[in-house]
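Everything on this sheet refers to the single structure shown next.
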Amino acid sequence: MKCRVCREPAIIDLARHNANFCAEHFQQLCRRQVEKAIKDFDMMKPGDRVLVAVSGGKDSLALWDLLVDLGYSADGLYIGLGIGDYSDESLGYTQRFADERGLSLKVISLRGELGYDIPTAAAATRRVPCSACGLSKRHLFDRAALEGGYDLVATGHNLDDEAAVLFGNTLRWEIEYLARQLPVLPARAGFPKKVKPLVRLTEREMAAWCIVRNIDYIVEECPMAVGNRHLGYKNALNAIEDQSPGSKASFYLNFIERMAPLLVGHSGGSDEELGACQRCGSPTPNEVCSFCLLVEKSAKHEPVPVEFMTRAGRKKGR
Ligand code: AMP
Ligand code: FES
Ligand code: ZN
Ligand code: ZN
């Protein structure tokens, strides 16, 4: 197996490019894919202050590394979700990554600073954990970016993530969601710009990036997300990809190029209906925003251990 570029021994085969690459040229390919995503969608420009949301997993650590490598000024933001050992370990990986490279990391602990955690929030609000988690993360990313004077928030969603979401939205023809699936959301009143620079790279490529760059990351998935719908969609897309390499990328990237422009104006909702939350001031159609309601309910609830809220625990205990 030889590198397509230099003919030295290759370390990875990428069927969708019908080629193999050595460590150096694999990194070059990843950098180019990120640069292309940034340029095509006008995600950021040199000199922008970027806040990277980092979970301790391979994608977001690889993203932080790639952005710094490409010369962007990027600080990290980690949210401690209080999901037992999983959260403690993922903070450890994130903090070590930052310390070893002298990068600046802001840590927000839900339990320490807001008086709740995700297992408790899920129980208190009877939401599925990922929904309480998504709401908390989105709100805190926005707030941290605005308060810190950042130009944008970057997340580590990769091609597999975006293709799986697209697959789910397509199965149900969720036109409003489909119209909002672009990898960049422009800033608007009360919300920072949000970007996903890894949309041209797969999960496997990001794992390989971490190996060649010596990045240690948490391998386990969140215990509360086990069995969620997107994992099924990812498996289905991987089966198609095995049969016909390149399908995943063309499904997502051709949607963005050919279909998304036809959906402009179908994303529903408009900022004019939004007022300011009475508690936190963030934009909301109601008097109090859903995040403040979630905090209020969850902080009053007695703490619920993570084991109670995982699938296995739910089956055993209740
Ligand atoms: P997920 O929703 O877990 O698939 O994560 C998607 C992206 O959200 C990751 O690539 C990160 O950029 C960000 N993210 C997830 N969890 C956290 C966390 N605990 N703190 C900060 N950012 C996170
Ligand atoms: Fe959010 Fe698991 S990381 S529920
Ligand atoms: Zn090479
Ligand atoms: Zn609020």
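Order of listing sets the numbers, starting from 1, for every ligand and every atom in it.
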**Q.** Rounded distance (nearest 0.5 Å) linking atom CG of L201 with atom CG of L29
**A.** 7.0 Å

Q.
For S244, is there any backbone N or O sitting under 3.5 Å from a side-chain donor or acceptor partner on S247?
A. yes

Q) Looking from the Zn ion (ligand 4), what is the angle between SG on C289 and SG on C277, to the nearest 10°? A) 110°

Q. Vertex the Zn ion (ligand 4): angle to SG of C292 and SG of C280, to 10°?
A. 110°

Q: Identify which of P119, C133, S131 has a heavy atom lying nearest to atom 4 (S) of ligand 2.
A: C133

**Q.** Pair S90, S55: side-chain N/O donor-acceptor within cut-off below 3.5 Å
**A.** no

Q: Examine Y217 together with Y93 and report whether their ring centres are nearer than 6.0 Å.
A: no

Q.
Just so I know, are the side chains of E241 and R16 near enough to count as touching, which here means a heavy-atom distance under 4.5 Å?
A. yes

Q: Examine all N, O or S atoms of H139, backbone included, and report whether one is under 2.8 Å from the Zn ion (ligand 4).
A: no

Q. So which N/O/S atom does H25 have closest to the Zn ion (ligand 3)?
A. ND1

Q | Closest protein heavy atom (residue, atom, distance) for atom 2 (Fe) of ligand 2 | A | C222 SG, 2.1 Å

